[in-house]
Amino acid sequence: MDLRRREFLALAGLGASAVALGGCGGAGAGAAAPRGSLRAAFGQPVTDLDPYNAGTAVDEASLIVKRLVFDTLVRRDEAGRLVPGLAASWRRENDTTWVFRLRSGVRFHDGSPLTARDVVACLDRTKAVKSAQSALWATVKSARADDDTTVTFVTDGPMGTLPVNLTLLFIVPARLVADPAQKRRPIGSGPFRVTGFTPSTAVELARFDGYWAGPARLPGISMPFIAETSSAITALRNGDVDLLWPVPSDQLGEVKGKRGVRVASVPSWTYYLTWFNCGRRPFTDPRVRRAMVQALDMDEIVGKLFGAGAQRMDAPIPSTVFGHAAQRPYAHDPGAARKALRDAGLGDGFETTMMWFDATGPLARELAQTMISAWKDVGVTVRPQSIEKAEWLQRLNTLDWDMELQTNTVTTGDAAFTLGRLYTSKANRMGYKNPALDKILAEAGQAADSGDRARLYAEACRIVWEDAVGVFPAALTTAYGLGTGITGFTPAANNQPDLSTVTRRTP
């Protein structure tokens, strides 16, 4: 093994045994991916593979792997349309009843047949585990298996978003829905099966030749986590990694135009947000929240930090997502911000904190520091808290924070996933409670007509924006760095590309 290869493996936290097997897998964590596998590196670590783990229910890195290992009844195609997955067809019989017909002959990785009973067990498990997905399923009263290939969903009331939500219901054998082994070596029915997994280090996948849609073109996928982006870019340019994403805008120059590498970009469903804990003083006062937004020169911040790698947001969700409605941007006005603070009884300013984890997205630390500096100019001292992802997740979910910075992905491409799931009083994700907004979001979730849904989500965008529930700086453009030997790749707006169609030319 040459020195360059050893250095890469050391950076990725991987062992020499991976090279002997032709992959990038961690020793002692199971078999490495087969020789000739795609080597793909995402910018966040994968910590768990259980599809029903409460802590990783909407975790972006985990979802990338889950979409390769598990199937869903409904999926989105490359154009963003809802299309059949495990369900060959579906119909809405009435306001509270949906019937889904499953494909026949589908088998799990262990050879067992997939039936409607597995789907029912997976829904029951999803509803039983309280997680960031729970709000999506609250209206689903029950599911039943009418026969091996027919599932009927019954809802408490009208629910127009069920097909969209089902793009997130991963199906596993009924007997395994609560099996702890699913965290490390899960069984699904997707195009790849897990052969090795070391949390926060590497995932090893091999092609599942019995996949119902036909075998993937790749023999496998090896996914190392490389914490330092500069090291990951070096690995891409050296040929030690075939696919890397996202490539930060300030480092695109290290990839574009370089020999043996190309870049594919797409406006993504991923964006930065900074929530205020609206249940904790002084952020209980909307005047204070608006002042914090007015203190920021968003055009300058987004332009200087991200350049062509992002767009300033004009709503609490990206413009590429269904339900987006443009709002009037807050003007940069430090004078107005200081006056608003005085009116709120904070003429002398105040101290607070903001937490984030660096791997949340490109230039996260720089974005945090830039905002903190701007807030200092209006008398607000923000103590930075850059912490590990696990601690950030725990504190986020228990509302143990003042402000927090993160990227979020509207993984279904629909406002129901973000606005409908996060901003209700019942969800209580940022201490914000607004009965009027609750009513609008409930109506949007019930509506089947896309025009009605768009109108309702537009009103929801207005309320969240005007109440300054958070700061919404930038919608990101995801840049994928690819080795020239990669074909059949389509960049994904949700950061979760379908790698089953990819081919890797081996030397």
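Atom CD of Gln311 sits in a sparse spot, with 12 or fewer heavy atoms from other residues, nucleotides or ligands closer than 6.0 Å. For CD of Gln369, the number of neighbouring non-hydrogen atoms (other residues, nucleotides, ligands) closer than 6.0 Å is greater than 12. Within 6.0 Å of NZ in Lys127 there are more than 12 heavy atoms belonging to other residues, nucleotides or ligands. The environment of NZ in Lys339 is sparse: at most 12 heavy-atom neighbours from other residues, nucleotides or ligands sit within 6.0 Å. Within a 6.0 Å sphere centred on NZ of Lys258, heavy atoms belonging to other residues, nucleotides or ligands number more than 12. When the shell of 6.0 Å around CG of Asp348 is examined, it contains 12 or fewer heavy atoms from other residues, nucleotides or ligands.
Counting only distance, with no hydrogens or angles, the side chain of Tyr432 and the backbone of Phe276 share no donor-acceptor pair below 3.5 Å. Using a distance-only test at 3.5 Å, with no hydrogens or angles considered, a donor-acceptor pair links the side chain of Asp438 to the main chain of Ser425. Proximity of a side-chain donor or acceptor of Gln294 to a complementary backbone N or O of Ala331 within less than 3.5 Å is not detected. Within the 3.5 Å criterion, the main-chain N or O of Ala427 finds a donor-acceptor partner in the side chain of Thr424. One N or O on the side chain of Thr407 and one on the backbone of Thr360 form a donor-acceptor pair closer than 3.5 Å.
Contact between Gly43 and Phe225 at its shortest, heavy atoms only, is O-CE1, 3.6 Å. Of all non-hydrogen atoms in Val69 and Pro186, the two that sit nearest each other are CG1-CG, 4.4 Å. When all heavy atoms of Thr501 and Gly488 are compared, the pair lying nearest together is OG1-O, 3.0 Å. For Phe42 against Pro246, the heavy-atom pair with the smallest separation is CE1-CD, 3.8 Å. The nearest pair of heavy atoms linking Thr477 to Ala308 is OG1-O, 3.9 Å. Listed here is the closest heavy atom pair of Leu162 and Phe100: CD2-CE1, 4.1 Å.
Checked for salt-bridge contact, Arg455 and Glu459 miss the test: no charged N lies under 4.0 Å from a carboxylate O. A salt bridge is defined here as a Lys NZ or Arg NE, NH1 or NH2 lying under 4.0 Å from an Asp or Glu carboxylate O, and Asp498 with Arg75 fails to meet this definition. Salt-bridge formation is not detected for the pair Arg287/Asp343: no Lys NZ or Arg NE/NH1/NH2 atom is positioned less than 4.0 Å from an Asp or Glu carboxylate oxygen.
For the salt bridge (charged side-chain N to carboxylate O under 4.0 Å, His left out) with Asp402, the qualifying choice from Arg289, Arg383, Arg280 is Arg280, the only one to do so. Evaluated for a side chain to side chain contact (heavy atoms under 4.5 Å, CB included) with Thr126, the options Val140, Leu136, Leu169 yield exactly one hit, Leu169.
Using cut-offs of 30° and 60° on the angle between ring planes, the pair Phe472 and Tyr423 is tilted.
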Would you check, one step at a time, whether the test side chain to side chain contact (heavy atoms under 4.5 Å, CB included) holds for Arg395 with Glu404?
CA-CA 10 Å; Arg395 290 180 57 188; Glu404 65 89 24; over 6 Å; no
Checking Asn165 against Met159 for the side chain to side chain contact (heavy atoms under 4.5 Å, CB included) test, could you report, in this order, the C-alpha distance in whole Å, the side-chain angles of both residues, the deciding distance, and whether it holds?
CA-CA 10 Å; Asn165 293 353; Met159 184 180 180; 3.3 Å; yes
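Counting heavy atoms from C-beta on, the side chains of Val83 and Arg76 never come closer than 4.5 Å. Contact of the Pro334 side chain with the Asp377 side chain is not registered, since no non-hydrogen atoms from C-beta on lie closer than 4.5 Å.
With sequence neighbours excluded, no residue forms a salt bridge (charged side-chain N to carboxylate O under 4.0 Å, His left out) with Asp297.
Because its NZ or CZ atom is both nearer than 6.0 Å to the ring centre of Phe417 and within 45° of the ring axis, Arg421 counts as a cation-pi partner of that residue.
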